[in-house]
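Whatever order the structure lists ligands and atoms in, that order sets their numbers, starting from 1.
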Amino acid sequence: MEGTTNNHEIERVPNHVAIIMDGNGRWALSRGLPRIAGHRAGTDNLRRVMEGCGELGIKYLTLYAFSTENWGRPEEEVRGLMGILEDVIDSELAELNREGVQLRHIGILERLDPILREKVIHAVELTKNNNKLILNIAFNYGGRDEIVHAIRNIIEDQIAPNDVTDELVSRYLFTSGVPDPDLVIRTSGELRISNFLIWQAAYAEWYFTPVYWPDFDKTELRKAVEEYSRRERRYGLVMTPHA
Ligand code: FPP
């Protein structure tokens, strides 16, 4: 089901938007700042984008905050990104909860510092009954990793081969219960999927923009949604002829 909105100019609002928040490093570099300053500016931008989702009527937002590949970045940057997640939980959780945001985590928690892990688990538990906006944070997430994890669990549960269906696999993913993304956005001009929601985004519309993530504000989000609204989704079918 697509999202509903009182936003009259946009005909079709995506129910679920997923974002690869790219370009923080280049945003910082172009200002002579350390890379982590770009990640912090990118984090400040989340407020604007979440507000934009509320105004447009987007119900699900998934953010790629830390990939399984990001462990290969310099230690200081990895520590900085972990610190950002912890700061966000410490300083924003109460407000997000008041606003009715449901926080979900997708990815593997095990490799995180135990204190951070507990904070994530607490944030998810505290907000689990909220439904104004479902915010999935992909942190230590990789699409292939997710599929391997699902296959292992399917085998462990001794599911019969004939019972392994498209729908069953979806239920074994970290995103179980979340509808597939309708629109995936990647900022900063890169044209890659980078192991993000590789199963779930099979039929998504993709939107690429050269804008760096810290500058991707409400106006940019609206542009992406307008572009989505103009496109015709066919799911491999042909267009229904109009009478
Ligand atoms: C890609 O930019 C961005 C990341 C690897 C991290 C994105 C994380 C945030 C914005 C923090 C959000 C945090 C939470 C908790 C939701 P890049 O560093 O690859 O940029 P570059 O390609 O210009 O170097």
Side-chain angles (χ1 to χ4, degrees), residues 17-53 60-97 99 101-109 111-113 115-124 126-127 133-143 145 174-175 184-197 208-217 220-221:
V17 173
I19 309 183
I20 302 179
M21 307 179 286
D22 201 2
N24 295 342
R26 278 163 287 164
W27 182 93
L29 202 70
S30 68
R31 286 163 173 76
L33 298 169
R35 291 178 56 80
I36 198 67
H39 295 314
R40 293 213 174 264
T43 306
D44 293 343
N45 192 41
L46 293 177
R47 247 302 138 214
R48 298 187 275 276
V49 169
M50 282 169 63
E51 264 178 38
C53 286
Y60 294 84
L61 176 64
T62 299
L63 302 168
Y64 206 5
F66 191 92
S67 73
T68 46
E69 290 76 23
N70 286 153
W71 292 105
R73 292 197 173 199
E75 208 188 311
E76 196 190 333
E77 187 171 346
V78 170
R79 226 179 309 117
L81 287 164
M82 299 288 153
I84 286 179
L85 178 60
E86 193 163 350
D87 289 351
V88 167
I89 297 176
D90 289 346
S91 61
E92 303 290 327
L93 179 60
E95 180 61 19
L96 290 170
N97 189 35
E99 288 169 5
V101 175
Q102 182 186 136
L103 275 169
R104 292 181 56 134
H105 167 256
I106 59 171
I108 307 252
L109 282 179
R111 200 171 163 186
L112 307 189
D113 174 87
I115 294 175
L116 178 54
R117 207 188 304 156
E118 282 312 311
K119 287 186 179 182
V120 174
I121 292 169
H122 167 68
V124 169
L126 179 75
T127 61
L133 175 73
I134 316 299
L135 178 62
N136 297 299
I137 308 286
F139 202 93
N140 193 21
Y141 172 87
D145 219 37
F174 299 134
T175 48
V184 186
I185 296 170
R186 183 169 192 152
T187 57
S188 92
E190 305 296 338
L191 307 178
R192 291 186 296 278
I193 293 174
S194 298
N195 205 13
F196 185 47
L197 303 179
F208 297 99
T209 170
V211 174
Y212 293 154
W213 171 249
D215 295 327
F216 188 88
D217 57 12
E220 295 297 332
L221 178 66

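Of all protein heavy atoms, the one closest to atom 14 (C) of ligand 1 is A65 CB, 4.0 Å. For atom 10 (C) of ligand 1, the closest non-hydrogen atom on the protein side is N24 ND2, 3.3 Å. Of the protein's non-hydrogen atoms, the one nearest atom 13 (C) of ligand 1 is I84 CG2, 3.8 Å. Protein heavy atom closest to atom 12 (C) of ligand 1, with residue, atom name and distance, is T43 OG1, 3.8 Å.
Residue-ligand proximity: R35 is placed with a non-hydrogen atom under 4.0 Å from ligand 1. Residue contacts with ligand 1 leave out S188, since none of its heavy atoms falls under 4.0 Å from the ligand. Contact between L46 and ligand 1 is present, with at least one heavy atom of the residue lying under 4.0 Å from the ligand.
Residues that satisfy the side-chain hydrogen bond (donor to acceptor under 3.5 Å, both in side chains) test with D145, not counting sequence neighbours, are absent from this structure.
When heavy-atom distances to ligand 1 are checked against a 4.0 Å cut-off, N70 comes that close only through its side chain, counted from C-beta outward. In R73, the part holding a heavy atom less than 4.0 Å from any atom of ligand 1 is the side chain.
Residue L85 approaches ligand 1 through these ligand atoms, each under 4.0 Å from one of its heavy atoms: 15 (C). Counting the atoms of ligand 1 from 1 in the order shown, those under 4.0 Å from a heavy atom of H39 are 3 (C), 4 (C), 6 (C), 18 (O).
With respect to R48 and D217, no salt bridge is recorded, no charged nitrogen being found less than 4.0 Å from a carboxylate O. Using a 4.0 Å cut-off between a side-chain N of Lys or Arg and a carboxylate O of Asp or Glu, E76 and R35 do not qualify as a salt bridge. Under 4.0 Å is where a charged nitrogen must lie from a carboxylate oxygen, and between R117 and E86 no such pair does.
Here E69 contributes atom CD and N140 contributes atom CG; the two are 9.5 Å apart, rounded to the nearest 0.5 Å.
With R40 as the fixed residue, the side chain to side chain donor-acceptor pair (under 3.5 Å) test singles out one of N45, N24, D87: D87.
The 12-atom threshold is not exceeded at CD of E75, counting heavy atoms of other residues, nucleotides or ligands nearer than 6.0 Å.
For D22, a nitrogen or oxygen atom sits less than 3.5 Å from a nitrogen or oxygen atom of ligand 1, counting backbone and side chain alike. The N/O atoms of G25, backbone and side chain alike, include one that comes under 3.5 Å of an N/O atom in ligand 1.
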**OP:** Given side-chain hydrogen bond (donor to acceptor under 3.5 Å, both in side chains), test R186 with T209 step by step and report yes or no.
**Re:** CA-CA 7 Å; R186 183 169 192 152; T209 170; over 6 Å; no
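Nearest to atom 23 (O) of ligand 1 by heavy-atom distance, out of E86, R26, M21, E190, is R26.
A cation-pi arrangement, defined by a distance under 6.0 Å to the six-membered ring centre and an angle within 45 degrees of its axis, is absent between R73 and W71.
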